[in-house]
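Working notes, beginning with the structure itself.
Chain letters run A, B, ... following the sequence lines, proteins first, then strands; residues in each count from 1. None of the values given here were measured: they were computed from a predicted structure.
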Amino acid sequence: MIVADRKPFEEILDSIKDYKKIMLMGCGGCVTICFSGGSKAVELLASQIKMAKKKQGKEIEIIECTPERQCEYEFIDACKEQIESTDAILSIACGVGVQTMNERFPDSITLPGQNTKFMGYPVKHALWEERCAGCGDCVLEWTGGLCPIARCAKKLFNGPCGGSSEGICEVDKDTDCVWQLIYDRLKRLNKLDNLLAIRQPRDWRTSTNAGQRKVKFEEAML
Amino acid sequence: MKSGSRLEKVLIAGEFAVTSELGPPQNADPEVIKKKAQYCLGKVDGVNITDNQTAIVRTSSIAAASIAISCGIEPIVQMVCRDRNRIAMQSDILGAAALGVKNLLCLSGDHQSFGNHPQAKGVYDLDSMQLIAMVKKMRDDKRFLCDDPIKEHEPRLFIGAVANPFADPFEFRVLRLGKKIEAGADFIQTQCIFDIDKFSKWMEMVVKEGLHKKTYILAGLMPVRSHKALVYMKNNVAGMSIPDEIIKRMEAAEDPKEKGIEICIEMIEQVKNIEGVAGIHLMPIGWESITPVLLERAGLLPRPEV
């Protein structure tokens, strides 16, 4: 899932300072699961904004709306009329949602209320960790299912650097060295041979290095 | 002969090699490089010129190497994967060779978060293994990484790599060394050794695999001036093993500088007696002036003629 984290409240307030009526738009997808952008989060943030505005002696009207997904026209089109009656939209979906809104409603501005972080999953209650960098050329087959691109600070392909100590990455003491994990996993699976071959320089064009990426599903194209 | 460098000749001759280190300055003053070069002149077989070590901006290692060459020093240019992609690296490899550089040490590099520009985008287009293989390909196959031929004047470089016997997973470290040799490492410099026991254990594994016959291993040693430096490294540098006993000896010393020299000489003697060790690499960080003193007292001077 896509994991997003709320922008600092002051930054959000500042971004809507010129508006008297806004729509606060959540998303029923990934950000609902990671607590930061579902209907509950919308409700909470709306009251937080109203209170802050009241303290400033200012009024703001907020329409709350949480479509099933903010990243598909089908779901956001239902809000069209309400959107047209507002000065701006504050989205607490991921960056994809914000852009879908801006593209679908070019006469209204949709502002981001979140910092979109990564693709990951909750490793325990209320803690999400990055697992996939969307690099476009999956290596999990030979790494024992652990990604060195998303999880190694140097994106190494040929084993741990000299900064791996007691299973911890030197860049952050709260982060496991993914190469230690890869080593342990492959040892357990009796596949350490996977690490002995020299992995060749990779083609980064499949990643974010060659401009916007697209995926076509030919069979389904109209 | 792969490169014809002095370091290569010394190692082929079976002499106990000595390399040291020169850190370029955080400014554009060539005099700093020339002054540091004087401490090494005629005393060592090669001098590592660090590449923005600890991710702090300094004079380029290749530029500093060129200045060092003009002083009569044979540089070992360090090249890290952090700051350049494969295009810039190959370009700099050609440039270094054109300037007379004959040794190149390939490293992944300290992560940018440790330096003075933690905001920087790390490149890591290649990792150190891939860099080693690329330099070898340019030298031996006379081809760029993309397979285009280098029609003439390919870079003739003696290829170095590093190994850290103290990082984890310990058992994988020897396998990784084997990979670096397979990729093309002609010589290896290790992380600073303070824990002789662990290093010996690692060397035993290296010898058992016969890796010492496929590459030249130089044991990394660092003379220190105070116990504080050791405590700092023990607490802050990942992949270092510093026994408390050494810290205690330094702390108890009346003259810590003298004690630091003494300990370093002891270690030189110890690593000399470990099978598979072909030389030492001295890292007198911030204390370059001690190099000739230390080597004289360790009986490693004069250097052999090759």
Side-chain angles (χ1 to χ4, degrees), chain A residues 133 135 137 139 142-144 146 148-188 190-210, chain B residues 55 80-82 85-86 89-90 107-114 118 121-134 136-137 145-146 161-184 190-192 220 234 236-241:
Chain A
C135 75
D137 186 9
V139 299
W142 61 268
T143 61
L146 294 136
I149 297 160
R151 299 176 67 177
C152 168
K154 295 180 182 175
K155 304 186 193 323
L156 302 182
F157 274 75
N158 283 286
C161 74
S164 175
S165 182
E166 294 171 4
I168 300 298
C169 170
E170 65 172 344
V171 173
D172 175 16
K173 64 176 173 42
D174 293 324
T175 300
D176 292 329
C177 168
V178 74
W179 275 106
Q180 173 82 54
L181 300 178
I182 292 170
Y183 177 79
D184 293 343
R185 184 88 206 285
L186 291 175
K187 196 173 174 184
R188 183 170 167 181
N190 209 10
K191 286 189 173 175
L192 275 181
D193 282 359
N194 287 6
L195 298 187
L196 299 182
I198 295 165
R199 298 286 162 182
Q200 298 303 312
R202 70 160 275 171
D203 182 347
W204 289 106
R205 283 174 297 185
T206 60
S207 186
T208 53
N209 298 53
Chain B
V80 303
C81 299
R82 179 191 60 227
N85 67 11
R86 61 190 82 182
M89 283 176 147
Q90 290 177 98
L107 315 93
S108 62
D110 295 314
H111 193 266
Q112 61 274 11
S113 60
F114 296 113
K121 183 174 178 187
V123 180
Y124 299 109
D125 178 22
L126 305 183
D127 65 20
S128 57
M129 201 74 65
Q130 296 162 347
L131 171 58
I132 295 163
M134 182 172 78
K136 184 178 163 66
K137 184 173 183 176
L145 185 61
C146 63
V162 297
N164 186 353
F166 310 105
D168 293 317
F170 183 64
E171 323 85 78
F172 186 63
R173 292 292 151 185
V174 174
L175 300 177
R176 186 162 150 87
L177 173 66
K179 278 182 83 166
K180 286 193 172 178
I181 296 167
E182 192 192 330
T190 75
Q191 171 68 294
C192 314
K234 190 179 173 94
N236 296 290
V237 182
M240 293 278 281
S241 177

Supply the atom-to-atom distance [X] [atom1] to [Y] [atom2], rounded to the nearest 0.5 angstrom.
X: A:Y183; Y: B:F170; atom1: OH; atom2: CZ; value: 10.5 Å
X: A:C161; Y: B:H111; atom1: SG; atom2: NE2; value: 9.0 Å
X: B:S128; Y: A:K154; atom1: OG; atom2: NZ; value: 8.0 Å
X: A:N209; Y: B:D125; atom1: CG; atom2: CG; value: 8.0 Å

Donor-acceptor under 3.5 Å (B:Q130 side chain, A:R199 main chain):
yes
Under the 3.5 angstrom rule, does the side chain of A:N158 hit a backbone N or O of B:M129 as a donor-acceptor pair?
no
Per-residue contact mode, [X] against chain B (heavy atom under 4.5 angstrom):
X: A:L195; result: both
X: A:K187; result: side chain
X: A:F157; result: both
X: A:Q200; result: backbone

Quick one: of A:A153, A:G163, A:S164, who has the most non-hydrogen atom pairs under 4.5 Å with chain B?
A:S164
Identify which part of [X] has an atom lying under 4.5 Å from any heavy atom of chain A, answering side chain, backbone, both or neither.
X: B:A183; answer: both
X: B:R173; answer: side chain
X: B:L145; answer: side chain

In terms of heavy-atom contacts, A:E170 and B:A238 come closest through CB-CB, 3.4 Å
At their closest point, which heavy atom of B:S108 faces which heavy atom of A:L156, and how far apart are they?
CB-CD2, 4.3 Å
Compare all side-chain heavy atoms of [X] with those of [Y] and state whether any distance is below 4.5 angstrom.
X: A:S165; Y: B:M240; value: no
X: A:P201; Y: B:R86; value: yes
X: A:C177; Y: B:D168; value: no

